[in-house]
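See structure below.
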Amino acid sequence: WTATSDVAWITFRSGETGTGNGTVFYTVAANGGTTSRTGHITVGDATVTFTQPSALAPSLSVTSLVAVGNVNVGASGTATFTVGNTGNAALSVTGITVSGSDASQFTVSPMTFTVNAGAPAQTITVTFTPTSAGVKAGTISMTHNAARSPALISLSGTGIDTIPPSAPMGLVATAEPGQVILTWTAS
């Protein structure tokens, strides 16, 4: 019998050939790639399959909630958050979407990016432009190449009504040095 390998990363230390019973000693090199790999050892008419996971992998680090705060209706407010990579391979974010009944009032930028291993985190900006008063909410779905994709991030903001109260009838403003005096007569 003869032992063979179909890949260069499985090598034999001893026992590659023999007759009758025998022992084959082999070494499997570490996988430094970003994807898993498969190789085979064949001894006579028996084949053993080896599947080796990647030793390199990105790891997403991100918050679970972004709150923009109070924003006047028709105006825009922003909040930022960061997406970090604590892994040892490049993190690729391939798409960001916003969903929910108030999704149209939130925008996110950038929508795609890469964070290399050991590189600074990517800053993401959420812009909230409320179309009416009240609490608004949405959910960011971030598709990426790390484990547990997509990442979900809750969004919130509050639209504030900016219509001022009506002024009393007969309001008179008188300018004086250093002050304005408002007077009116109640009816």
Side-chain angles (χ1 to χ4, degrees), residues 31-38 51-173 175 179-184 186-187:
N31 184 357
T34 59
T35 60
S36 64
R37 61 186 182 179
T38 301
T51 300
Q52 187 180 43
S54 167
L56 299 177
S59 181
L60 179 78
S61 173
V62 68
T63 187
S64 61
L65 172 65
V66 176
V68 179
N70 295 337
V71 177
N72 291 337
V73 172
S76 293
T78 61
T80 61
F81 66 98
T82 59
V83 175
N85 179 7
T86 58
N88 57 5
L91 170 69
S92 295
V93 173
T94 55
I96 296 177
T97 59
V98 179
S99 61
S101 60
D102 301 316
S104 65
Q105 298 177 60
F106 294 93
T107 58
V108 181
S109 180
M111 304 290 279
T112 62
F113 54 89
T114 298
V115 180
N116 290 318
Q122 172 70 50
T123 298
I124 307 299
T125 301
V126 175
T127 302
F128 173 52
T129 308
T131 57
S132 62
V135 175
K136 310 299 177 184
T139 301
I140 291 175
S141 178
M142 182 182 306
T143 304
H144 54 83
N145 67 332
R148 296 177 297 284
S149 179
L152 300 178
I153 303 160
S154 297
L155 295 173
S156 70
T158 302
I160 303 298
D161 196 351
T162 59
I163 299 172
S166 299
M169 296 294 290
L171 180 65
V172 176
Q179 65 182 343
V180 175
I181 298 173
L182 300 175
T183 56
W184 66 92
S187 49

In Å and rounded to the nearest 0.5 Å, what is the OG1 to NZ distance from Thr158 to Lys136? 9.0 Å

Minimal heavy-atom distance between Ala121 and Gly84, with the atoms involved, is CB-CA, 3.9 Å

Could you tell me if the side chain of Phe113 sits less than 4.5 Å from the side chain of Ile96, heavy atoms only? yes

Closest heavy-atom pair and its distance - Pro150, His144: C-NE2, 4.1 Å

For Ser76 and Val71, which heavy atoms make the closest approach, and how far apart are they? C-CG1, 3.8 Å

So, Asn145 side chain and Ser92 main chain: donor-acceptor pair closer than 3.5 Å or not? yes

Ala90 to Pro58 - nearest heavy-atom pair and separation: O-CB, 3.5 Å

Start with the C-alpha distance between Ser99 and Thr139, add both sets of side-chain angles, then the distance that settles side chain to side chain donor-acceptor pair (under 3.5 Å), and finish with yes or no. CA-CA 5 Å; Ser99 61; Thr139 301; 4.7 Å; no

Residue that, paired with Ser59, satisfies side chain to side chain donor-acceptor pair (under 3.5 Å) out of Asn85, Thr86, Asn88: Thr86

So, for Asp102 and Val135, which heavy atoms are closest and what is the spacing to 0.1 Å? OD2-O, 4.2 Å

Tell me, do Leu155 and Ile140 make a side-chain contact under 4.5 Å, heavy atoms counted? yes

Would you check if Pro110 and Ile124 make a side-chain contact, meaning some heavy-atom pair closer than 4.5 Å? yes

To the nearest 0.5 angstrom, please state how far the CE atom of Met111 sits from the OG1 atom of Thr97. 7.0 Å

Is the shortest heavy-atom distance from the side chain of Thr112 to the side chain of Val93 under 4.5 Å? no

Looking only at heavy atoms, the pair that brings Asn31 and Pro53 closest together is ND2-O, 3.3 Å

Do Ser109 and Thr125 pair up side chain to side chain, a donor and an acceptor below 3.5 Å, judged on atom types alone? no

Any non-hydrogen side-chain atom of Leu60 less than 4.5 Å from a side-chain atom of Val83? yes

Can you confirm whether Phe106 sits close enough to Val66 that some side-chain heavy atom of one is under 4.5 Å from a side-chain heavy atom of the other? no

